[in-house]
Amino acid sequence: MKQKLEEILKNGLCEIEKVSDLKSLDEVRVTYLGKAGVLTQILRGMRDVPAEERREIGSLANSVREQIEKKLSEKWANLENEKLLADMEKEKVDITEPSKGVKRGALHPLTRFNNKFMEMCVEMGFTVIQTPEIETDYNNFEALNVPKNHPARDMQDSLYITENILLRTHTSPAQVRAMHMFKPPFKIVCPGRVYRNDDDSSHSPIFNQFEALVIDENVSLKDFMTMVKEMAVRLYGKDVKMRVRPAYFPFTEPSIEIDATCQMCGGKGCSLCKGTGFSEFFGGGIVNPRILEMAGIDSNKYSGFAFGPGIDRSVMVTNKIPNIKYLFRNDLRFLKQMR
Ligand code: DAH
């Protein structure tokens with residue numbers, strides 16, 4: 001028995017010494033001191049030891065247990081310390097190392113165009129306003145000289161919420177709101193999302209427009225054309241060419257549609273501009289006096305011009321984006337290419 005205990009001590013200490021990680025050390029602990037461990041087994045056999053030897057063997061067994069426990073805890077502390085040092089070495093940060101470069105975000109192409117257009121308008125003296133995307137039928141149509149059952153309503157497939165409330169189909173209701181907000185003379189521009197029941201590769205149910213309205217005394221088509229020319233030069237450069245076509249909008253009279261040098265081909269002619277070298281810049285005209293009167297503005301004293309460019313088409317052309325939906329999907333793979 002004595003010999004067995006001494007052997008256990010020798011082997012135990014030796015095994016503890018050899019171990020090099022915490023998990024194996026714990027296994028050694030279980031082998032010797034665990035419930036079914038070697039030493040525990042020996043202590044269980046004590047009842048077979050003759051009475052006169054029991055004391056001696058008992059105290060030897062205790063001493064063996066103590067020595068093994070002590071060795072175990074020393075080794076445990078050592079291994080833990082080594083592990084800590086190794087971890088610290090592994091996680092060391094070299095604060096002098098040059099950075100790997102930060103991935104920078106970028107503005108969405110629509111936001112970039114929007115900012116550019118807004119800056120230009122502010123420089124030209126416009127007040128920027130924002131009006132609701134959920135509008136009354138009155139502001140969206142009636143006050144713009146488009147009564148119920150007017151055929152012009154067919155040009156804008158509308159998304160109604162109730163009989164008299166809809167998602168605005170254009171930013172033009174901002175004109176109506178501005179005429180109630182400001183006393184002439186004033187110049188406002190309103191950027192914003194608009195909604196129509198339209199859906200294919202070049203039409204999205206959501207798209208973006210600006211509405212610009214200038215009201216003053218003696219405003220003429222010539223003033224309008226001067227401003228449009230200035231805007232085209234600022235946006236597309238001084239070589240930009242323009243042409244004007246007659247058009248029809250219920251809220252302007254006369255109404256015109258203005259084309260500018262096609263930004264895809266630079267005016268040479270391409271599939272987008274159908275070989276003409278021009279693409280649509282925007283529609284507008286002289287504010288129909290009926291609109292002024294409906295808003296309580298004296299149309300004998302004041303006149304004005306208004307125009308409403310859509311911006312998605314321009315952004316698609318300048319960034320060579322084939323499908324308008326890409327602008328609204330928030331797909332990072334697309335957005336990364338737009339940086
Ligand atoms: N609201 C028109 C549309 O969405 C665009 C427009 C045309 C706006 C003429 C105007 C304007 O202010 O005078 O098609």
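As a basis for the values below, the full set of heavy atoms in this structure was taken, side chains included, without hydrogen atoms, waters or symmetry mates. Both ligands and their constituent atoms are indexed starting at 1 by order of listing. The shown structure was predicted, so the numbers you read here are calculated from the model rather than taken from an experiment.
- Judged by distance alone, the side chain of Lys325 and the main-chain N or O of Asp200 form a donor-acceptor pair under 3.5 Å.
- Atoms of ligand 1 lying under 4.0 Å from at least one heavy atom of Gly283, given by number and element, are 7 (C), 9 (C), 11 (C).
- Across Glu66, Glu17, Glu15, a single residue satisfies salt bridge (Lys or Arg N to Asp or Glu O under 4.0 Å) together with Lys71, and that is Glu17.
- Residue Ser172 approaches ligand 1 through these ligand atoms, each under 4.0 Å from one of its heavy atoms: 1 (N), 8 (C).
- For ligand 1, the atoms closer than 4.0 angstrom to any heavy atom of Arg196 are 3 (C), 4 (O), 14 (O).
- Considering backbone and side-chain N/O atoms, Ala306 comes within less than 3.5 Å of an N/O atom of ligand 1.
- Between Glu69 and Arg65, at least one side-chain N (NZ, or NE/NH1/NH2) sits under 4.0 Å from a carboxylate O, which counts as a salt bridge.
- Taking distance alone, with nitrogen or oxygen atoms compared against 3.5 Å, Glu211 approaches ligand 1 more closely than that limit.
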Ring pair (Phe, Tyr, Trp, His ring centres under 6.0 Å) between Phe281 and Tyr236, worked out:
CA-CA 11 Å; Phe281 191 29; Tyr236 300 140; 5.6 Å; yes
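- Remark: ligand 1 atoms within the under-4.0 Å shell around heavy atoms of Gln209 are 3 (C), 4 (O).
- Using a distance-only test at 3.5 Å, with no hydrogens or angles considered, a donor-acceptor pair links the side chain of Arg153 to the main chain of Val146.
- In this structure, of Phe224, Phe251, Phe282, the residue bringing a heavy atom nearest to atom 6 (C) of ligand 1 is Phe251.
- Numbered from 1 in the order shown, with element, the atoms of ligand 1 that lie under 4.0 Å from a heavy atom of Gly284 read 9 (C), 11 (C), 13 (O).
- At the top of the distance list for atom 5 (C) of ligand 1, counting protein heavy atoms only, stands Gly308 O, 3.8 Å.
- Counting all heavy atoms, side chain and backbone alike, Val176 lies closest to His180 at O-ND1, 3.0 Å.
- Numbered from 1 in the order shown, with element, the atoms of ligand 1 that lie under 4.0 Å from a heavy atom of Phe249 read 7 (C), 9 (C).
- Each of the following atoms of ligand 1 lies closer than 4.0 Å to a heavy atom of Gln175: 10 (C), 12 (O).
- Salt-bridge check for Glu74 with Lys70: passed, with a basic side-chain N closer than 4.0 Å to an acidic carboxylate O.
- Across Arg168, Glu257, Glu253, His170, heavy-atom proximity to atom 2 (C) of ligand 1 is greatest for His170.
- Those atoms of ligand 1 with a heavy atom of Thr252 less than 4.0 angstrom away are 13 (O).
- Shortest non-hydrogen contact noted between Asp137 and Tyr160 is OD2-OH, 2.7 Å.
- Electrostatic pairing of Glu89 and Lys92 counts as a salt bridge here, judged by a charged N lying under 4.0 Å from a carboxylate O.
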